[in-house]
Amino acid sequence: MAIRKASPEAIAAAAEALRAGRLVAFPTETVYGLGADATNARAVAAIFAAKDRPRFNPLIVHVPDLAAAERLGAFTPLGRALAAAFWPGALTLVTARAPACPIADLATAGLDTVALRVPAHPVAQALLRAAACPVAAPSANRSGHVSPTTAAHVEADLGSRVDVILDGGPAPIGLESTVVDATGEEPAILRSGGIAREAIAQALGRPVEVARGDPGRPASPGMLARHYAPAARLRLGAREARPGEALLAFGPPAPHRGPMLNLSAAGDLAEAAANLFSHLRALDAAGAEAIAVMPIPEAGLGEAINDRLRRAARRP
Ligand code: TXA
Ligand code: MG
């Protein structure tokens with residue numbers, strides 16, 4: 001039985017599991033999260049695998065307080081005002097990544113921004129302090145299922161896919177956090193949630209927009225427009241690179257002379273997911289005009305990898 005009552009001993013063991021790169025489900029005041037060390041790309045890849053997520057959406061990174069958040073994100077005055085008003089609590093703030101931000105590219109889906117949250121739940125607080133690493137955590141359910149508000153929901157949905165489920169009782173809010181873009185001067189609500197727009201407007205003393213519905217500002221940042229897109233063209237399913245192309249290999253690499261990186265020489269999809277965004281960035285930075293990408297099997301995490309590659313290849 002993976003469920004453990006959230007005693008101090010269980011929290012300490014769960015923190016240890018997180019540091020070792022394993023998955024821990026834990027209560028927050030909104031919903032239960034499926035957590036992994038956000039600086040460990042392999043651990044973050046395991047989140048996507050456990051959820052059967054067909055695409056890589058950027059994840060919320062959880063920390064115990066504003067000081068920890070400021071090591072990861074570059075806070076604007078707006079971000080600080082919102083943190084002062086609502087942290088700890090059901091508010092997630094999107095900020096620019098801080099210069100030395102150690103968060104894995106897979107956790108932010110390659111974006112230059114990071115979504116940060118300081119949960120108020122005492123078990124989440126204790127776990128984050130004990131783990132002493134930022135914890136990436138989407139809701140602890142399979143993709144397409146409803147968010148879990150009890151440990152039993154998590155167990156029913158994810159079962160043995162998660163190493164530890166900390167039981168802290170029912171999540172009191174039962175609705176995900178409100179996600180606010182605080183990168184600029186004007187706040188924009190990217191996802192409605194546990195904290196109402198009116199409460200945010202009241203705290204700031206001015207109206208707050210909901211970004212939904214405006215095609216220039218997609219409500220779901222999982223959408224293409226907000227994703228990292230390489231400057232280089234991508235050619236998918238390539239058996240080999242043409243002259244002038246860089247090669248993004250998978251499995252035994254095709255013979256190649258120019259810039260080449262391998263998502264996973266062993267053909268391991270979790271390793272490939274962990275490397276995807278950072279390898280794309282690195283080949284882009286090497287100045288390639290086009291990147292030939294070897295075929296990735298359309299199974300397991302390969303589905304999400306191919307989804308991301310197809311969307312990156314389709315851009316104008
Ligand atoms: O209540 C919650 O927020 C729960 C608990 C576990 O904290 N977590 C949660 O995480 O719902 P997740 O990963 O399911 O939701 C992440 C949301 C998505 O809407 C995602 O698009 C947005 O946050 N998001 C994450 N990173 C972003 C970024 N860099 N820019 C804009 N939006 C981002
Ligand atoms: Mg969710």
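All residue numbers in this chain count up from 1 along the given sequence. One-based numbering, in listed order, for ligands and for the atoms of each.
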(message) How about CZ on Arg239, more than 12 heavy atoms from neighbouring residues, nucleotides or ligands closer than 6.0 Å, or not?
(response)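 For Arg239, atom CZ is not crowded (no more than 12 foreign heavy atoms under 6.0 Å).
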[X] and [Y]: side chain donor to acceptor below 3.5 Å:
X	Y	answer
Arg55	Ser143	no
Glu176	Ser147	yes
Thr30	Ser177	no

Under a 4.0 Å heavy-atom limit, does [X] contact ligand 1 with its side chain, its backbone, both, or neither?
X	result
Leu190	side chain
Leu111	side chain
His121	neither
Ala137	backbone

Between [X] and [Y], does at least one N-O distance fall below 4.0 Å, as a salt bridge requires?
X	Y	result
Arg97	Asp112	no
Arg22	Asp37	no
Arg191	Asp181	no

Give the single entry among [options] that approaches [atom] most closely by any heavy atom.
atom	options	answer
atom 29 (N) of ligand 1	Asn141, Thr113, Asp181	Thr113
atom 26 (N) of ligand 1	Pro58, Pro138, Ala171	Pro58
atom 15 (O) of ligand 1	His62, Arg117, Glu176, Arg191	Arg191
atom 9 (C) of ligand 1	Leu59, Ile60, Val31, Leu116	Ile60

(message) So for Glu29, does at least one of its heavy atoms come nearer than 4.0 angstrom to any atom of ligand 1?
(response)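 Flag not set, Glu29 not near ligand 1.
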(request) Run the contact test for Val94 against ligand 1 with a 4.0 Å cut-off on heavy atoms, strictly below, and give the result. (result)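 Val94 counts as a contact of ligand 1 under the 4.0 Å cut-off.
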Is there any N or O on [X] that sits under 3.5 Å from an N or O of ligand 1?
X	value
Ser177	yes
Thr92	no
Thr28	no

(request) Could you tell me whether the side chain of Asp163 and the main chain of Val24 form a donor-acceptor pair under 3.5 Å? (result)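 No, the answer is negative, given that no donor and acceptor are paired below the 3.5 Å cut-off.
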(message) For the CG atom of Leu276 and the CG atom of Asn306, what is their distance to the nearest 0.5 Å?
(response)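 Going from the CG atom of Leu276 to the CG atom of Asn306 covers 9.5 Å.
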